Amino acid sequence: MQTDFLVIGSGIAGLTYALKLSAERPDKTVTLLTKTQSDETNTKYAQGGIAGVMDADNDSFGRHIEDTLIAGDGLCDKEIVEIVVREGVERIREIIDWGAEFDKDSSGDYALGKEGGHSAFRILHHKDVTGKEMERALLEAIRTRPNIQVISHCFVLDLITQHHLGYLVTKATPDIVCFGVYVLNLNTSKIEKILSSITLLATGGNGQVYRTTTNPSIATGDGVAMVYRAKGRIENMEFIQFHPTALYEPGVRGQSFLITEAVRGDGGILRNLQGAAFMERYDSRKDLAPRDIVARAIDNEMKVAGTEHVFLDCRHFSKEKFTAHFPNIYEKCLSIGIDITKDLIPVAPAAHYSCGGIKTDEWGKTSINNLYAAGECASTGLHGANRLASNSLLEAMVFAHRASLDSVKRFDDHIISSFPAVLGSNVPDWNAAGTNAPREMILITQSLKEMKLLMSDYVGIVRNNERLDRAMKRLDLLYEETEALYQKTIVSPQLCELRNMITVSYLIVKCAQFRHESRGLHYNTDYPGKSLLVQNIDL
Ligand code: FAD
Ligand code: SIN
């Protein structure tokens with residue numbers, strides 16, 4: 001198969017990019033792949049909302065920029081922060097034009113919320129299901145575009161580069177070129193190659209490398225792992241954001257239900273098991289301090305008391321007020337026997353967001369020619385060492401837009417790098433020689449459990465050198481065993497995701513070992529302070 005533009009991922013970044021391209025170049029083909037059903041994305045689960053300076057009387061670009069820089073703890077790229085904050089408002093207006101609805105107050109103005117680290121009310125939301133509403137609007141808009149083909153249940157295995165034509169490619173190769181991807185088409189159970197002039201990775205986050213995460217099962221870091229295998233540049237992987245308040249449900253594994261930070265924005269109070277409001281002991285901003293601080297404070301309270309959760313107190317809210325803004329949370333809590341007007345909500349931190357990823361420039365270009373990245377899989381420089389709440393939906397839209405502009409320019413200017421030997425027929429078919437059906441799935445599922453456990457216990461909110469060294473040794477073994485299995489087994493999404501998550505875990509640990517300081521989301525008790533050398537670590 002051949003396409004002009006190939007998009008991998010159907011979350012906010014992939015869908016926005018596809019819509020933009022299709023509008024700019026209705027004569028060209030845009031093919032969008034997604035590994036399960038098209039709305040199963042991190043985007044769909046976003047609750048709190050999207051940050052943007054919509055109320056010029058009480059907010060300003062300068063304040064949003066400042067809040068983002070403070071949260072990022074010295075590692076944000078200031079130019080990128082300015083781009084995202086300034087251009088973000090236009091992108092928000094665009095998605096409103098495409099049909100997304102955000103809540104308004106009684107006077108018809110947008111009802112803006114507040115979350116940790118924000119100095120103003122600037123979060124647009126659709127009750128507590130903002131991402132679902134944005135995903136709906138984008139998917140509906142996509143369906144009206146005849147030049148966009150969406151193929152769901154199509155698992156991308158690897159990027160095709162000159163490596164597949166028999167050339168040696170290393171990290172030092174100056175002109176690595178992406179010609180498309182190999183996919184496992186789950187609709188046909190066949191491995192196919194899709195060649196494209198330009199490819200965008202919008203594969204989302206990697207929360208699934210941890211035992212407890214707010215991310216759905218698709219969040220396995222596939223894009224990052226593919227770029228790393230293709231020798232592209234990855235950075236800042238140590239900065240994994242743990243959301244302070246995932247609902248604690250004993251026995252629930254996989255995706256944890258989120259209690260949005262907007263609940264604290266509206267007055268929710270964290271309490272320990274003795275009932276004491278503890279955040280004032282950690283930060284003057286109390287429950288609305290940036291996420292890294294709140295998550296560490298909760299982690300400490302849990303460790304001191306030897307418990308697996310703390311509580312979020314919403315008993316002082318009126319039922320009407322709570323259900324108007326948070327109907328989904330109200331219903332979820334009620335379904336497990338918690339009436340938020342009478343009961344405390346048990347909460348604990350959970351892996352939530354990857355601040356690092358595939359290194360991109362201000363146009364979303366990666367270090368590999370013809371390959372762009374946007375959304376959570378990309379590292380644009382916006383978040384630095386810690387993402388400000390509700391900045392990621394904004395970032396995804398801004399960079400999907402920028403990448404679309406640059407892609408069209410590249411396409412129209414005929415500057416798409418064409419490697420001498422590349423014509424469709426020269427790219428070999430996937431080589432499955434010597435592989436057989438898996439004998440038993442336990443080899444995959446047990447390794448997955450081990451990986452999640454070691455990442456949670458050794459590479460969580462609080463780290464130290466010994467834990468990181470142990471994690472690396474165990475990952476080495478898991479890597480060897482999984483590579484051996486991969487060489488002899490017919491590929492499946494389960495095996496490929498395990499392989500990708502082991503790569504991502506390795507990158508997180510490697511970056512954490514490089515950083516000899518505590519900064520933002522990376523807290524290492526062997527280096528309790530910050531170093532004077534402020535730099536991003538590039539792999
Ligand atoms: P996603 O939306 O995750 O989409 C990834 C896509 O890539 C999927 O379609 C998937 O199928 C596809 N894919 C992945 N691997 C492959 C493969 N190998 N082959 C084919 N397809 C593949 N951010 C905010 O700004 N505000 C919020 O209020 C907010 N709340 C959140 C609440 C929750 C519970 C979570 C989990 C996150 C929240 N975030 C929030 C973060 C934000 O939702 C995500 O960062 C953002 O939606 C990511 O969008 P994306 O387009 O990059 O990726
Ligand atoms: C939340 O609603 O608390 C999540 C917001 C975010 O991750 O940006």
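As the structure is a computational prediction, the values presented were derived from the model and not from experiment. For this chain, numbers begin at 1 and follow the sequence in order. As the structure lists them, so they are numbered: ligands from 1, and atoms in each ligand from 1. What's counted below: heavy atoms across the whole structure, side chains too, no hydrogens, waters or symmetry copies.
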Self-check item: Pairs touching residues 372-399 that satisfy ring-ring contact (aromatic ring centres under 6.0 Å, His included), sequence neighbours left out
Solution: Tyr353-His383

Quick one: does [X] get an N or O within less than 3.5 Å of an N or O on ligand 2?
{"X": "Thr260", "value": "yes"}
{"X": "Ser390", "value": "yes"}
{"X": "Ala262", "value": "no"}

Practice problem: Measure the shortest side-chain to side-chain distance between Phe311 and Pro346 over non-hydrogen atoms and say whether it is less than 4.5 angstrom. | Solution: yes

For ligand 1, which of its N or O atoms have a protein N or O partner closer than 3.5 Å, and how long is each gap?
unit_1: ligand 1; atom_1: 2 (O); unit_2: Asn42; atom_2: N; d: 3.4
unit_1: ligand 1; atom_1: 2 (O); unit_2: Thr43; atom_2: N; d: 3.0
unit_1: ligand 1; atom_1: 2 (O); unit_2: Thr43; atom_2: OG1; d: 2.5
unit_1: ligand 1; atom_1: 3 (O); unit_2: Asn42; atom_2: N; d: 3.0
unit_1: ligand 1; atom_1: 7 (O); unit_2: Ala202; atom_2: O; d: 3.3
unit_1: ligand 1; atom_1: 9 (O); unit_2: Ser10; atom_2: N; d: 2.8
unit_1: ligand 1; atom_1: 9 (O); unit_2: Ser10; atom_2: OG; d: 2.8
unit_1: ligand 1; atom_1: 9 (O); unit_2: Thr34; atom_2: OG1; d: 3.1
unit_1: ligand 1; atom_1: 11 (O); unit_2: Thr34; atom_2: OG1; d: 3.1
unit_1: ligand 1; atom_1: 11 (O); unit_2: Lys35; atom_2: N; d: 3.2
unit_1: ligand 1; atom_1: 15 (N); unit_2: Asp222; atom_2: OD2; d: 3.2
unit_1: ligand 1; atom_1: 18 (N); unit_2: Val156; atom_2: O; d: 3.2
unit_1: ligand 1; atom_1: 18 (N); unit_2: Asp222; atom_2: OD2; d: 2.8
unit_1: ligand 1; atom_1: 19 (N); unit_2: Val156; atom_2: N; d: 2.9
unit_1: ligand 1; atom_1: 21 (N); unit_2: Lys35; atom_2: N; d: 3.2
unit_1: ligand 1; atom_1: 23 (N); unit_2: Ser392; atom_2: OG; d: 2.7
unit_1: ligand 1; atom_1: 25 (O); unit_2: Ser392; atom_2: N; d: 3.2
unit_1: ligand 1; atom_1: 25 (O); unit_2: Ser392; atom_2: OG; d: 3.0
unit_1: ligand 1; atom_1: 25 (O); unit_2: Leu393; atom_2: N; d: 2.9
unit_1: ligand 1; atom_1: 26 (N); unit_2: Gly49; atom_2: O; d: 2.7
unit_1: ligand 1; atom_1: 28 (O); unit_2: Gly48; atom_2: N; d: 3.0
unit_1: ligand 1; atom_1: 28 (O); unit_2: Gly49; atom_2: N; d: 2.9
unit_1: ligand 1; atom_1: 28 (O); unit_2: Gly49; atom_2: O; d: 3.4
unit_1: ligand 1; atom_1: 30 (N); unit_2: Gln47; atom_2: N; d: 3.3
unit_1: ligand 1; atom_1: 45 (O); unit_2: Glu376; atom_2: OE1; d: 2.6
unit_1: ligand 1; atom_1: 47 (O); unit_2: Thr43; atom_2: N; d: 3.2
unit_1: ligand 1; atom_1: 47 (O); unit_2: Thr43; atom_2: OG1; d: 2.8
unit_1: ligand 1; atom_1: 49 (O); unit_2: Thr43; atom_2: OG1; d: 3.2
unit_1: ligand 1; atom_1: 51 (O); unit_2: Ile12; atom_2: N; d: 3.2
unit_1: ligand 1; atom_1: 51 (O); unit_2: Ala13; atom_2: N; d: 3.0
unit_1: ligand 1; atom_1: 52 (O); unit_2: Glu376; atom_2: N; d: 2.8

Quiz item: For ligand 2, is Ala389 a contact, meaning one of its heavy atoms is under 4.0 Å away?
Solution: yes

Quiz item: Heavy atom of Leu258 under 4.0 Å from ligand 2?
Solution: yes

Compute whether any side-chain donor of one residue and acceptor of the other, for [X] and [Y], lie under 3.5 angstrom apart.
{"X": "His352", "Y": "Thr214", "value": "yes"}
{"X": "Thr203", "Y": "Asp222", "value": "no"}
{"X": "Arg145", "Y": "Ser22", "value": "yes"}
{"X": "Glu24", "Y": "Ser404", "value": "no"}
{"X": "Asp103", "Y": "His325", "value": "no"}

Exercise. Verify, without hydrogens or angle tests, whether Thr260 (side chain) and Val263 (backbone) share a donor-acceptor contact under 3.5 angstrom.
Key: no

Practice problem: For the pair Thr3 (side chain) and Thr29 (backbone), establish whether a donor and an acceptor sit closer than 3.5 Å, ignoring hydrogens and angles. | Solution: yes

Practice problem: Give the atoms of ligand 2, by number and element, whose distance to some non-hydrogen atom of His352 is under 4.0 Å. | Solution: 4 (C), 6 (C), 7 (O)

Quiz item: Quick one: which ligand 2 atoms are inside 4.0 Å of a heavy atom on Glu261?
Solution: 1 (C), 2 (O), 3 (O)

Practice problem: Report the member of Arg291, Gln241, Arg387 with the shortest heavy-atom distance to atom 4 (C) of ligand 2. | Solution: Arg291

Self-check item: Presence of salt bridge, Glu261 and Arg264, under 4.0 angstrom
Solution: yes

